[in-house]
Every structure is written in structure tokens, then in C-alpha cells.
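To start, the structure under review is shown below, and the notes come after it.
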Amino acid sequence: MIFSSARSRLLIPAGLFLLFILTFSPSGRATIQYTVLVDHPEKHLFRVTMTIPDVTGEVIVRMPAWNALYQIRDFSSHVQEVEAFAGSQKTFPEKLDKQTWRIKGTGTIKISYATFWDEVGPFASQLNAEHAFINPAMILMYMPERRGEAVHLTLPDVPAEWRATGASMQSIEWAGSVRIFGFDAASYDALVDAPIEAGEFEKFQLAGFKPEIWVVIHGDNWNKKHVEDDLRRICKYELKLMGGVPFERYTFIIHVGKGAGGGGMEHANSTAIGVYSDEYLPGVAAHEFFHLWNVKRIRPASLEPIDDTKEQYTRALWFAEGVTNTYGSYCLVRSGIWNKDQFYADLSEQITELESRPANRWQSAEQSSLDAWLEKYPLYNQPEYSVSYYTKGQVLGNLLDTLIRDRTGNEKSLDDVMRALNTNFAKPGKTYRDSLDVQLTAESVAGGSFAEFFAKYVAGTEPFPYQSILAMAGLALRTVERRRPALGFILEHEPNGPFVVSTVVSEGMAARAGLRAGDTVLTWNGGEVPRRIDRWLQEQKPSDVLKLRIRREDKEMALEFRLGEIKETLYVVGEDSHAGEKARHIREGILRGETSAVTARR
């Protein structure tokens, strides 16, 4: 629903207002209730009260250690001022470990605390003068023994010009002239899988979709017509591909602009996306919308049930994320947002990235999935230490699709594998056995074994047979040598924090100039440090001069050095002019998303 415009709030003392909200319990609502105050957004503090009825003796509550990213981030480190009440009697909240508290009492227990968040992006939470973006798992405690109970969250005292929205069931409650934005969910897990946006935003419905698809946009640097057209194409294609709608309502929450962060995070009935401008939106949206099926419903058994207290290991991210990348690119070319040359360029980029990393020789797609929890460490992300399951999985998806089409004369494809997984696992609410059920489903679709393919290229690390498989789709792979500039060091950057040197390449120009790990970079060629250093490098040449001003301990100093040089091999995918009839037919099938016998021409 579209929320009504803001009215002026009832002017009552803050303490009385809070007391009213904490005791306001709409009939027929959830047993466990949360109230989240954002009345002083400039302080970046969410003030949370959790109300738990029907307690006998004591209650254990916990904050998740991870959510949204496969990284232990210890959200309890943001928490302060924890208090508890049993009825009207204040009681002591005993902390048991870094994320768990015990409160003794009987009847209704109320726990209140503040949690500080001012981080940009879809994987974080933020409260500032412009808006509040809430990933609920980052700010809400839960009771492990009653995690499956229905819950109700209210945002009572938002600034007068703000609205609030999200993917959960929503309503506006009124206390006199006071708006109370309400959100209902069937369980804690359902609530935390539905981020909330509060602030001044534009909200509109994509025409032509039932159930409804809504778009919520905060920020600038976007064109409504472009956004509507791109999202409509993406949703239309992917819903048709998968043969139905798995949601009752879907919401895109999009942050656009300089401070929007980057990337996207999938949720069961929504996605949160951050992009610098709407130019980058289609690539993220196509990936995130396909997660409606792959990972949110077509789900590996290793990720169920969710355990947000510690690492949860899976070998299936190459498929859950990487093959979702495959379908992101398929969606863009098949919906007409990309032309075929853009599709080939993207595949070329993925192969180049994969083959440029020495770790590709020893880290399999499955091991990369298992090691996802190491991604928060800068050293791990260097080419010598890891490959991305996104990249390796995307290329595997393309190769597997081509093999299926070749074996069946283009009558079957990876599309049929995805639909079969949806039918056999997602719809009946079953999970699949990591790579095994993907392999067995592909074999069922193609009518032959893929044991060797999965053993060599998914579980193993044998070089991908690009040339032979791409040739089946009328494509050729060539290499081009290129020289590009190199910094010789790596920077770490926390949102709203300083840029700190994490690694310096030994014997590089930066190291010779005296740069050390731990140095804080204050200025970059006399100005701010580029937010996208990779893009900055694309505009430079080897031997160009870089001037840094750094702080080391309590001293500031200037360093100057020339950029280094890296020689690299680019892999370029293009059409083979000598391809045969079957290969050309498969190529067209991939580009159009069609399957038909080789003799059946368009």
C-alpha cells in the first residue's frame, strides 16, 4: 500500500510518548513486539524495546553474529545501555557471552537498548538525518526458544516528513495525531528477511504485474523512466523463465547516489540495492531478482536451518551466487537491455578475471564457497589466495548450459535445470544437497552423466575446457596481451572511516617510497582518496606519479612514487564465423533463451 502523507505529530512529552508506545499493543497482533525509535536520527542511535509476554522464570535473548554477508560481524558490538524490566520492576540483564543475555522474571519482560548504525549499503544499517535503513537482524535481539513466533515491529516517532515501508505486512496505526508505522511477520526470521526504509523517498508500482511489484527509491542521480523500463524488462523475463510468481508482493528498495554504497542483497520478497546511478541498476537488479528462486527458495541443505551465531559452511555458493550471475547476464541480453556484444564482453571479463588469479589452479568452486567466511580479510581476496565463487560459478553456468544444449540438440538447457530444481525442491519446501542434486538434476534433464564435469571442474581444479565447449555454441576464445598500471598496495576502508594501507607489495614502487601497512592515507594527489580506485587506475598509465599524504602514528608525511606496471592476458569471447549449423543454433538459443531442435529454424 502507499502510505498517506505525513501529518503533524501530537506534541506530548517524550517520556510519556515512549511509555504509551511500549504499552500500546494492537489486538490480534504478535506475541513478541519490537518498538524502534528513530526520533533523533542525527545521533545514529536506534533505540529498541523488545516486549516478551508469558515468561516463566527467565528469558534468554541473543543478537545475531552475522546476516546478509557471509562474515561474522558481531552486531552486539554496536549495542549499549541494555536494561530490562519484569512488569514494572527493573531487573538485571546478565550477559552470558558476546551476543547473549539472560533476564530473570515472570510475566511480561521488556528489554531496551540502543544500537549505533551509520553504515551505507544494502548489507548494513544506517540512521542519519536523511533516512533510516534497517536490516532488522542487525538491530533486533531474539529469543531462541520462541524464534518461530509471530512478531510485530513499530516505528512510532519518525520525523514528520518521513514515511516508512518494507516487504513485511505493513499498516499505519494512529494514536491521536501520532503515526505509528507497523510491520508484521510470521516469525523473527521472516521479519529480519524484510529490510525497512524510512525517510523521504519515491515509491511507485510497476505496471502490469500481479501480484504487485513496488519500487522504493531514496537518493538522486536516477531517471524514473529508465528505472521503470529496466525493472519491468527484468521482472517480466525472469518470471516467465521460471513459470510463475513465488511472492504475494515484492519490493525493490534502491539507494542511488554518491553515498548509496554498492551492490545488492536478496530477501525472500524484496531486495535492497545500492548504486551510484541508475546506469548500474540493471546488472544488480537482474541478479537480485533471480535470487527469488535461486538461494531464497531453491536452497542448499547446508544453509538450513539458519544459525546466525557462528559460521555456516556450504559448498553450494558457486551455484547459489555464481549461477545466479549467469542468469543475471542471460536476463540482460534476453530482455534486450544488453546487446549480444555486451553479453560476450561480460563473459570475457569473467574468464579473464578467473584466469588471472593464480589461486584458480588450486581453489575449486566448492572450496571457494566453503571459504566465503574469509572474504573479510584483505589478504584472502588477493589473486594468489582465492577465486570468487561468483566468477567461477558464472563461468561454470555458461559451460554447463552449453553442454546440455549440445547433448540434447538444443532441446534442453540450464533453464530446464533451474525449473526442475524449482519444481522438485523449492515448491515442496525441500532443500537440495549442495552440488549433488544440481548434478543429478542436470543429468536428468540432459539424459546423461555429468559426473566427470562436476568432479573435474566443480569439486576439482582442472583447467576449464573453454575452447572445446564454447565451440559447441559457435563461439571462439582468443587472448590479447595488455599492460596496465599497478598501485603496489591495497587500501582498506570502513564506511565513513579512514583509508588505511593493509598490504604493500614488496619491491614495488610504493614500498620503495616508504609506504607501510598501517599507514592512513589522508590525501591522494592533493585531493580525496578515490572511492573507486579501480576506476581511477583505468584512467592512468604506468609510470604516472602518485602523491600521497599519509599519517603514521602521530606524524604526517608526504610520499611520491610512480605507478608500477602489470602485464596481463585478456580473454576475448567472440562469434566463430566458421561455426556449423548446430553450433550457431545453440548460440542463438543461449542469446534468446530458447530451446528447439536444430532443424527448427526461426
Side-chain angles (χ1 to χ4, degrees), residues 258 262-263 276-277 279-280 283 341-342 344-361 375 377-388 390-391 477-495 497-574:
K258 185 176 181 181
Y276 176 73
S277 75
E279 173 187 357
Y280 303 100
D341 290 333
Q342 289 173 294
Y344 298 148
D346 178 71
L347 181 56
S348 302
E349 184 179 333
Q350 305 310 315
I351 295 174
T352 297
E353 164 65 16
L354 190 59
E355 295 302 318
S356 69
R357 300 184 75 89
N360 187 41
R361 295 193 297 268
E375 290 175 345
Y377 301 109
L379 182 65
Y380 173 80
N381 290 299
Q382 293 185 45
E384 294 79 12
Y385 294 90
S386 68
V387 295
S388 169
Y390 285 89
T391 305
L477 186 68
R478 60 187 178 89
T479 58
V480 177
E481 297 298 321
R482 183 179 74 173
R483 299 170 184 257
R484 64 176 177 86
L487 280 179
F489 64 94
I490 297 174
L491 285 181
E492 285 186 22
H493 171 56
E494 293 293 331
F499 288 86
V500 180
V501 178
S502 61
T503 306
V504 180
V505 178
S506 61
E507 303 304 319
M509 304 295 269
R512 294 174 188 173
L515 190 67
R516 300 180 189 172
D519 290 344
T520 298
V521 177
L522 304 176
T523 65
W524 185 286
N525 280 345
E528 293 184 356
V529 179
R531 296 286 166 172
R532 291 291 304 271
I533 293 175
D534 55 338
R535 290 186 187 171
W536 179 86
L537 270 175
Q538 291 174 6
E539 300 172 357
Q540 313 305 311
K541 301 185 298 296
S543 297
D544 282 354
V545 174
L546 176 59
K547 300 178 181 180
L548 300 179
R549 186 157 191 84
I550 66 166
R551 182 172 60 243
R552 181 179 299 158
E553 297 176 346
D554 295 328
K555 297 180 180 179
E556 292 189 13
M557 63 185 74
L559 298 178
E560 181 177 322
F561 53 90
R562 294 185 181 278
L563 298 177
E565 181 180 86
I566 294 178
K567 297 179 182 178
E568 64 181 3
T569 300
L570 300 182
Y571 290 79
V572 181
V573 175

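- The side chain to side chain contact (heavy atoms under 4.5 Å, CB included) check on Tyr380 picks up Gln363, Asp371, Leu374, Glu375, Tyr377, Ser386, with sequence neighbours excluded.
- Between Ala517 and Ser502 the shortest heavy-atom distance is CB-O, 3.6 Å.
- In this structure, Val504 and Ala510 approach most closely via the heavy-atom pair CG1-C, 4.4 Å.
- If you take OG on Ser543 and CE on Met509, they are separated by 6.5 Å, rounding to the nearest 0.5 Å.
- Contact record, Leu559 with Gly514: CD1-C, 4.1 Å, taken as the closest heavy-atom pair.
- Counting only heavy atoms from C-beta outward, the side chains of Val501 and Leu491 approach each other to under 4.5 Å.
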Requested in this report: Determine, step by step, whether Asn360 and Glu355 satisfy the side-chain contact (heavy atoms from CB on, under 4.5 Å) criterion, reporting the C-alpha distance in whole Å, the side-chain angles of both residues, the deciding distance to 0.1 Å, and the verdict.
Outcome: CA-CA 7 Å; Asn360 187 41; Glu355 295 302 318; 3.3 Å; yes
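- Few gaps surround CD on Gln540; more than 12 heavy atoms of other groups in view lie less than 6.0 Å from it.
- Rounding to the nearest 0.5 angstrom, the gap separating the CZ atom in Arg357 from the CG atom in Asn381 is 7.0 Å.
- In Glu553, the CD atom is not crowded: 12 or fewer heavy atoms of neighbouring residues, nucleotides or ligands sit closer than 6.0 Å.
- For the atom pair CG of Leu477 and OG of Ser348, the computed distance is 7.0 Å after rounding to the nearest 0.5 Å.
- Applying the side chain to side chain donor-acceptor pair (under 3.5 Å) definition to pairs two or more places apart or across chains, those involving residues 555-569 are Glu481-Thr569, Arg482-Glu568, Arg483-Glu565, Arg484-Glu568, Arg549-Glu556.
- The shortest non-hydrogen separation linking Leu522 to Arg551 is CD2-NH1, 3.3 Å.
- Judged by distance alone, with hydrogens and angles left aside, the side-chain atoms of Thr352 form a donor-acceptor pair with the main-chain N or O of Tyr571 at under 3.5 Å.
- Here the side chains of Phe499 and Leu548 are not in contact, with every heavy-atom distance at 4.5 Å or above.
- The shortest non-hydrogen separation linking Ala359 to Tyr385 is CB-C, 3.7 Å.
- Relative ring orientation between Phe489 and Phe561 is described as perpendicular, the plane-to-plane angle rising above 60° on a 0-90° scale split at 30° and 60°.
- The CG atom of Leu487 lies 4.5 Å from the CG atom of Leu537; values are rounded to the nearest 0.5 Å.
- Nearest heavy atom pair, residue Val521 against residue Thr523, reads CG1-O, 3.6 Å.
- Surrounding CZ of Arg552 are more than 12 heavy atoms belonging to other residues, nucleotides or ligands, all under 6.0 Å away.
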